[in-house]
Amino acid sequence: QVHLVESGGGSVQGGGSLRISCVASGYAYDFDCMGWVRQAPGKEREGVATLESDGTITYADSVEGRFTASLDNAKNTLYLEMNSLESEDTAVYYCVAGEDGCMPWQYWGQGAQVTVSS
C-alpha cells in the first residue's frame with residue numbers, strides 16, 4: 001500500500017521560512033504526478049504545487065516566487081521550501097500523488113500543520 005508521510009511542520013513568524021518534506025513508500029512505479037495541497041480552516045483546499053513526471057513544476061499564484069517544490073528521487077522524498085511566509089499561508093499541508101495523472105489525487109498524506117504568526 002502506498003504511504004505518504006509528511007514532516008517538518010511547525011510554527012514560524014511572518015516573513016520567516018519553513019521546509020516540509022514527504023517520504024513516499026509502498027509503490028512499484030514512479031508516480032505520474034506529485035504535489036502539495038493545503039487546507040485552512042473554513043477554506044477550500046488549494047493546490048500549492050504540482051510536479052509532473054516530465055519535470056514540470058507548477059505553483060499556485062498565491063505562492064509563486066515564495067515556495068519551491070523539489071523531489072529527491074534517491075530518498076523518495078518530496079520537499080516544499082516556503083519563504084516569506086504570511087499569515088494566509090497557515091494551513092494543513094498535504095503531500096499528494098497520482099499514478100494516473102495529477103487530478104484527482106489518488107494518494108494523500110496525513111498532513112503537516114504550518115502556522116504562521118503575525
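Computed from a prediction, not measured in an experiment: that's the story for all the values here.
- Distance alone, capped at 3.5 Å, places no donor-acceptor pair between the Thr77 side chain and the Val23 backbone.
- For the pair Leu78/Trp36, a side-chain contact is recorded, criterion being any heavy-atom separation below 4.5 Å from C-beta on.
- By the rule that hydrophobic residues join a cluster once side-chain heavy atoms approach within less than 4.5 Å of another member, Leu80 and Val37 end up as members of separate clusters.
- Counting heavy atoms from C-beta on, the side chains of Val2 and Gln106 never come closer than 4.5 Å.
- Under the salt bridge (Lys or Arg N to Asp or Glu O under 4.0 Å) criterion, Glu46 pairs with Arg38, not counting sequence neighbours.
- Annotation: side chain of Cys102 is in contact with side chain of Glu52 (closest heavy-atom distance under 4.5 Å).
- Expressed to the nearest 0.5 Å, how far CD of Gln1 lies from OG of Ser25 amounts to 9.5 Å.
- Among all heavy-atom pairs drawn from Cys33 and Gly101, the shortest one is CB-O, 3.9 Å.
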Full working for side chain to side chain donor-acceptor pair (under 3.5 Å) between Ser53 and Asp32: CA-CA 5 Å; Ser53 59; Asp32 285 342; 5.1 Å; no
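- Atom-to-atom distance recorded for Met82:CE and Thr68:OG1 is 11.0 Å, nearest 0.5 angstrom.
- Among all heavy-atom pairs drawn from Val63 and Val48, the shortest one is CG2-O, 3.6 Å.
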Let's go through Met34 and Leu71 carefully: what are the C-alpha distance in whole Å and the side-chain angles of both, what is the deciding distance for side chain to side chain contact (heavy atoms under 4.5 Å, CB included) to 0.1 Å, and is it a yes or a no? CA-CA 9 Å; Met34 296 190 73; Leu71 177 65; 4.2 Å; yes
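- Applying the ring pair (Phe, Tyr, Trp, His ring centres under 6.0 Å) test to residues at least two apart or on different chains, the pairs with a partner in residues 43-94 are Tyr94-Trp108.
- Surrounding CG of Asp54 are more than 12 heavy atoms belonging to other residues, nucleotides or ligands, all under 6.0 Å away.
- Interatomic distance, SG of Cys22 versus CG of Asp72, reported as 12.5 Å (0.5 Å rounding).
- There is a path of hydrophobic side-chain contacts, each under 4.5 Å, that joins Ile20 to Phe31.
- Tyr107 and Trp105 fall into different hydrophobic clusters, where Ile, Leu, Val, Met, Phe, Trp and Tyr are joined by side-chain heavy atoms under 4.5 Å apart, directly or via other members.
- Closest non-hydrogen pair, Ala60 versus Gly47, comes out as CB-O, 3.2 Å.
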Donor-acceptor pairs under 3.5 angstrom involving side-chain atoms of residues 5-16: please list them, not counting sequence neighbours.
unit_1	atom_1	unit_2	atom_2	d
Glu6	OE1	Gln110	N	3.0
Glu6	OE1	Gly111	N	2.9
Glu6	OE2	Cys95	N	2.8
Glu6	OE2	Gly111	N	3.2
Ser7	OG	Ser21	OG	2.9

